[in-house]
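As structure tokens, the structure follows; a few thoughts come after it.
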Amino acid sequence: MKPDSQKAYDIAKERYTELGVDTEKALDALQAAALSIHCWQGDDVGGFETPDASLDGGGIAVTGNFPGRARTLDELRADAEEAMHLIPGRHRLNLHAMYGDFGGKKVDRDAIGPEHFASWIDWARSLGIGLDFNATLFSHPKAEDGFTLSHRDRGVREFWIEHVRRCREISAHMGRELGSPCLHNLWIPDGSKDLTPSRHPHRLWLKESLDIIYENRFSPERLKDAVESKLFGIGSESFVVGSHEFYYGWALQHGVMVCLDLGHFHPTESVADKLSAMLPFFDELLLHVSRPVRWDSDHVVIFSDDLQAVMEETVRAEALGRVHMALDFFDAELNRVGAWSIGSRATLLALLKALLEPTETLRKYERENNKFARLALLETLKTLPFGAVWDHYCERCDVPVGAGLIDAVMDYERKVLRLRG
């Protein structure tokens, strides 16, 4: 470690020690935290089902055309590895079903199997990381009218039921092969742009589909299931079938995780507050860490008040082992490897700051009804040198520190991304 960095860390460590915080213990907890890093930032949510695959419909949109988008599986994997070299700690990769290794052949969604992800498993095994998975219920002719698992046409519903059923089997296979439970998350775009008198029937159809899909249970050592709600999306501004209330009730009844996406709620709602409200009822929860700007725009995650609040509530609830953290953003207006790096590092920095909180002292003030001392300490924490602890952690993990990230990303852009045309 550089002498100046060591000196800065020693000073920070002393400051935190005065408040009863063990910085080494906090760093050990941070080291044990594994983010699920989303593959779809690397190619603008295109996938590799066909040579000219592109995002089309389903309430999702990607803006920008920065050079260097991953065009093949090998390019995507190389970019993901480069990003992981810039992010401290050991993390996971999160795949969507449309990222299978299909060998140039047309394989429809209801026909995919573990064999189409064998090369991903080999790749993950070579890096010593786990994989997570998502069914893909968008960018497909059978999703063009805005409904999938809640479609009024039974044949369409059965197509998507089979797709998700196969995705769960693939996930369980990944978990078994890699010796790490694969977390399968389900998000569907179902909903409508305008007033919908048939809300109740659509939700009954969705419930029926889910009941069929999840009837087959897998060992939690191989597969963990989650369902993801949304407030609204593009083309579903007036009605979303899979709302938070719908999935909350269904998941609680069936022992499945709920996924809370930071961009899938009204701006006045606090996902942080939802954590403490839901943890008494759910063994585990999934977070999709994103950044909404006015709507669910999936901006690159930054170190923000909302993100910090979520991490604080997770740590205060002693729920690090129960709250799984996955990233979910996509921005094609900037270097995609850089976007991965910024978002991942911001999430980890927010978690570190939460781990450096003297929670027991704050609760002691609460028990004493000393509201002044509680507020004063919370204000004091805002200016403590947690950045020096973060820099120390980055150096310990041999990843770029501070603005050194810019040089590393730009070097990869010059040597690799710009050459793709």
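Quick note: residue numbers are just sequence positions, from 1. Any value given below was found using the heavy atoms of this structure, including those in side chains, with hydrogens, waters and symmetry copies removed.
- Between Y214 and W250, a ring centre-to-centre spacing shorter than 6.0 Å is recorded.
- Under the 30°/60° scheme for interplanar angles, the aromatic rings of F133 and F117 are found to stand perpendicular.
- Remark: R152 pairs with S198, H202, W205 by the side-chain contact (heavy atoms from CB on, under 4.5 Å) rule, at least two apart or across chains.
- Between L262 and P292 the shortest heavy-atom distance is O-CG, 3.8 Å.
- Taking the side chain as every heavy atom from C-beta outward, F147 and V156 never approach each other to under 4.5 Å.
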Pair E333-F66, side-chain contact (heavy atoms from CB on, under 4.5 Å): steps then yes or no: CA-CA 5 Å; E333 292 186 337; F66 193 85; 5.9 Å; no
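- In terms of heavy-atom proximity, F246 sits nearest to K207 at CZ-N, 3.8 Å.
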Worked check of side-chain hydrogen bond (donor to acceptor under 3.5 Å, both in side chains) between S180 and R92: CA-CA 10 Å; S180 176; R92 307 169 65 84; 2.7 Å; yes
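- Relative orientation of the F138 and H96 rings is perpendicular, given thresholds of 30° and 60° on the angle between their planes.
- For Y412, there are no ring pair (Phe, Tyr, Trp, His ring centres under 6.0 Å) partners, not counting sequence neighbours.
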Intermediate values then yes/no, side-chain contact (heavy atoms from CB on, under 4.5 Å), N94 and L327: CA-CA 9 Å; N94 197 6; L327 303 179; over 6 Å; no
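- A salt bridge does not link R176 with E221: none of the charged nitrogens is closer than 4.0 Å to a carboxylate oxygen.
- Using a 30° and 60° split on the angle between ring planes, F48 and Y99 fall in the perpendicular class, above 60°.
- The 12-atom threshold is exceeded at CD of E18, counting heavy atoms of other residues, nucleotides or ligands nearer than 6.0 Å.
- Comment: R125 engages D122 in a salt bridge, judged by a side-chain N to carboxylate O separation of less than 4.0 angstrom.
- The distance from the CG atom of L35 to the CG atom of L93 is 12.0 Å, given to the nearest 0.5 Å.
- Counting heavy atoms of neighbouring residues, nucleotides and ligands inside a 6.0 Å radius, atom CD of E215 does not exceed 12 of them.
- With rounding to the nearest 0.5 Å, the separation of CD in Q308 from CD in E313 is 11.0 Å.
- Separation of atoms CG (L279) and CZ (R322) is listed at 4.5 Å; rounding is to 0.5 Å.
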K353/E357 under salt bridge (Lys or Arg N to Asp or Glu O under 4.0 Å): CA gap, chis, key distance, verdict: CA-CA 7 Å; K353 190 171 185 295; E357 180 187 87; over 6 Å; no
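- Residues E162 and R166 are paired through a salt bridge, judged by an N-O separation under 4.0 Å between the basic side chain and the carboxylate.
- Between V240 and D190 there is no side-chain heavy-atom pair separated by less than 4.5 Å.
- By the 30° and 60° cut-offs, the orientation of the rings of H392 relative to Y9 is parallel.
- Under the 3.5 Å distance criterion, with hydrogens and angles disregarded, no donor-acceptor pair is assigned to the side chains of W160 and D110.
- Residues L95 and D132 have side chains not in contact (no heavy-atom distance under 4.5 Å, counting atoms from C-beta outward).
- In this structure the side chain of V399 reaches within 4.5 angstrom of the side chain of R345, judged on heavy atoms.
- No donor-acceptor pair under 3.5 Å is formed between the side chain of T196 and the backbone N or O of R199.
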Verdict with reasoning, L286 to V258, per side-chain contact (heavy atoms from CB on, under 4.5 Å): CA-CA 6 Å; L286 172 62; V258 169; over 6 Å; no
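- Between R168 and D225, the shortest heavy-atom distance links the atoms NH2-OD2, 2.9 Å.
- In this structure, the side chain of R374 does not engage the main chain of Y365 through any donor-acceptor pair within 3.5 Å.
- For the pair K274 and E269, the salt-bridge criterion is met [side-chain N within less than 4.0 Å of a carboxylate O].
- Taking CD of E237 as the reference point, atom NZ of K193 lies at 4.5 Å (rounded to 0.5 Å).
- Here the shortest heavy-atom pairing between C39 and L76 reads O-CD1, 3.6 Å.
- For the pair L210 and Y247, the minimum side-chain heavy-atom distance is below 4.5 Å.
- Between D296 and K230 there is a salt bridge, since at least one side-chain N of the basic residue sits less than 4.0 Å from a carboxylate O of the acidic one.
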Evaluation steps, side-chain hydrogen bond (donor to acceptor under 3.5 Å, both in side chains), between D391 and S5: CA-CA 7 Å; D391 288 348; S5 298; over 6 Å; no
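- Residue C182 comes nearest to L131 through the heavy atom pair SG-O, 3.3 Å, listed as atom of the first residue, atom of the second, then distance.
- For the residue pair S297/R291, the side-chain donor-acceptor check at 3.5 Å is not satisfied.
- S290 and H288 share no donor-acceptor pair across their side chains, judged by distance under 3.5 Å alone.
- The structure places CD1 of I87 at 7.0 Å from CE of M84, a figure rounded to the nearest 0.5 Å.
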Candidate pair D108 and H140, rule side-chain hydrogen bond (donor to acceptor under 3.5 Å, both in side chains), full reasoning: CA-CA 9 Å; D108 211 346; H140 190 279; 2.8 Å; yes
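- Residue H163 comes nearest to A97 through the heavy atom pair CE1-CB, 3.6 Å, listed as atom of the first residue, atom of the second, then distance.
- Inter-residue side-chain proximity for R71 and D43 is flagged as unmet; no heavy-atom pair is nearer than 4.5 Å.
- Sequence neighbours left out, the pairs with a member in residues 81-90 that pass side chain to side chain donor-acceptor pair (under 3.5 Å) are E81-W123.
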Stepwise side-chain contact (heavy atoms from CB on, under 4.5 Å) test for L348 and L352: CA-CA 6 Å; L348 293 169; L352 173 62; over 6 Å; no
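- Atom CG of L334 sits in a crowded spot, with more than 12 heavy atoms from other residues, nucleotides or ligands closer than 6.0 Å.
- Side chains of D145 and H151: a donor-acceptor N/O pair is present below 3.5 angstrom, by distance only.
- Classified by interplanar angle (parallel below 30°, tilted 30° to 60°, perpendicular above 60°), the ring pair H38/F329 is perpendicular.
- Not a single donor-acceptor pair under 3.5 Å links the side chain of S236 to the backbone N or O of S192.
- Expressed to the nearest 0.5 Å, how far CG of D298 lies from CG of D261 amounts to 6.5 Å.
- Within 6.0 Å of CD on E366 lie more than 12 heavy atoms contributed by other residues, nucleotides or ligands.
- Side-chain contact between S243 and L231 is absent, with no heavy-atom pair separated by less than 4.5 Å.
- Under 4.0 Å is where a charged nitrogen must lie from a carboxylate oxygen, and between R396 and E24 at least one such pair does.
- Contact annotation: the side chain of L206 approaches that of I188 to within less than 4.5 Å [non-hydrogen atoms, C-beta and beyond].
- Results of the salt bridge (Lys or Arg N to Asp or Glu O under 4.0 Å) test with R336 over D331, D79, D44 single out D44 as the only residue that passes.
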